[in-house]
A.B. asks: 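Provided herewith is a single structure, encoded as structure tokens, for subsequent inquiry.
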Amino acid sequence: EGGSAPALTLEETSYDEFHQVVREGAEGMPAYSTRQIRDTELQLMYDWLRAKAQSPVMPQSVWVETGCGGCHGPNGEGGSAPAVTGEGTSYDEFLRVVREGTEGMPAYSPDRISDAEIQGVYDWLTGEP
């Protein structure tokens, strides 16, 4: 997903390009020898990253990874923070609250959670297809 280094979604990266960067290194990334990462392991990493890039966002995992469930409950049913399922909140209002925060809830920037992830979580919580 990226962070202090470029994203490894590999949407448009061939195995040969990936292999070259891993073996020769890149800005801020060391080179890795075949003693450190065997070619068979490198191929498995590449295949896994490609599959990850092509799979749809799973709202439940976003819910857990961003910490939402810690306050709003595992399925949005409420906990130390209010329930967020079946509340009749529009997507625009849901997006606003996530981006701006509310009393007791921090704001979440697009670096932390994308609009597509927010839409997926909203659809999951409201039972939208």
Side-chain angles (χ1 to χ4, degrees):
E1 295 172 343
S4 62
L8 292 174
T9 57
L10 303 179
E11 291 172 352
E12 298 178 16
T13 304
S14 71
Y15 176 76
D16 290 338
E17 292 169 315
F18 178 74
H19 185 271
Q20 180 179 353
V21 168
V22 172
R23 293 294 179 228
E24 296 176 13
E27 185 176 337
M29 180 185 142
Y32 290 88
S33 71
T34 54
R35 287 187 335 186
Q36 293 168 302
I37 303 172
R38 292 188 304 255
D39 282 338
T40 55
E41 295 169 327
L42 194 58
Q43 181 69 56
L44 289 171
M45 278 195 252
Y46 177 81
D47 293 344
W48 182 82
L49 289 165
R50 287 284 298 192
K52 183 106 171 121
Q54 295 169 356
S55 66
V57 172
M58 298 302 296
Q60 298 91 331
S61 62
V62 172
W63 183 258
V64 170
E65 290 168 9
T66 56
C68 302
C71 297
H72 294 284
N75 296 300
E77 69 280 2
S80 62
V84 290
T85 56
E87 297 297 311
T89 302
S90 71
Y91 172 72
D92 290 338
E93 177 63 12
F94 186 79
L95 177 64
R96 185 193 67 73
V97 169
V98 172
R99 290 287 180 235
E100 297 175 12
T102 61
E103 185 177 327
M105 180 178 150
Y108 287 82
S109 71
D111 292 339
R112 180 83 191 271
I113 182 172
S114 71
D115 286 351
E117 290 171 322
I118 293 171
Q119 180 71 60
V121 167
Y122 177 82
D123 293 345
W124 171 64
L125 290 170
T126 59
E128 296 291 323

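Numbering starts at 1 and runs along the sequence shown. Values below: all heavy atoms of this structure, side chains included; hydrogens, waters and symmetry mates excluded.
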A.B. asks: In chain order, what residues pass the ring pair (Phe, Tyr, Trp, His ring centres under 6.0 Å) check against Y108, with sequence neighbours excluded?
C.D. replies: none
A.B. asks: Rounded to the nearest 0.5 Å, what separation is found between the CG atom of L95 and the CD1 atom of I113?
C.D. replies: 9.5 Å
A.B. asks: Which atom pair, heavy atoms only, marks the closest approach of N75 to W63?
C.D. replies: N-NE1, 4.3 Å
A.B. asks: Would you mind listing every ring-ring contact (aromatic ring centres under 6.0 Å, His included) that reaches into residues 24-45, with sequence neighbours excluded?
C.D. replies: none
A.B. asks: Listed by chain and number, what are the salt bridge (charged side-chain N to carboxylate O under 4.0 Å, His left out) partners of E41, not counting sequence neighbours?
C.D. replies: R38
A.B. asks: Could you pull out all residues at least two apart from D115 that satisfy side-chain hydrogen bond (donor to acceptor under 3.5 Å, both in side chains)?
C.D. replies: R99
A.B. asks: Going by the rule side-chain hydrogen bond (donor to acceptor under 3.5 Å, both in side chains), which residues pair with Q20 if we only count those two or more places apart in sequence or in a different chain?
C.D. replies: E24
A.B. asks: Rounded to the nearest 0.5 Å, what's the gap from CG on L42 to CD on Q36? Could you check?
C.D. replies: 11.5 Å
A.B. asks: Are Y15 and L49 connected, step by step, through hydrophobic side chains (Ile, Leu, Val, Met, Phe, Trp, Tyr) whose heavy atoms are closer than 4.5 Å?
C.D. replies: yes
A.B. asks: Could you tell me whether the side chains of Q43 and D47 share a donor-acceptor contact shorter than 3.5 Å?
C.D. replies: yes
A.B. asks: Only counting residues at least two apart or in another chain, list the ones meeting salt bridge (charged side-chain N to carboxylate O under 4.0 Å, His left out) with E93.
C.D. replies: R96
A.B. asks: So how far is it from T66 OG1 to E117 CD, rounded to the nearest 0.5 Å?
C.D. replies: 8.0 Å
A.B. asks: Mind checking side chain to side chain contact (heavy atoms under 4.5 Å, CB included) for A81 and listing every partner two or more places apart, or none if nothing turns up?
C.D. replies: C71, H72
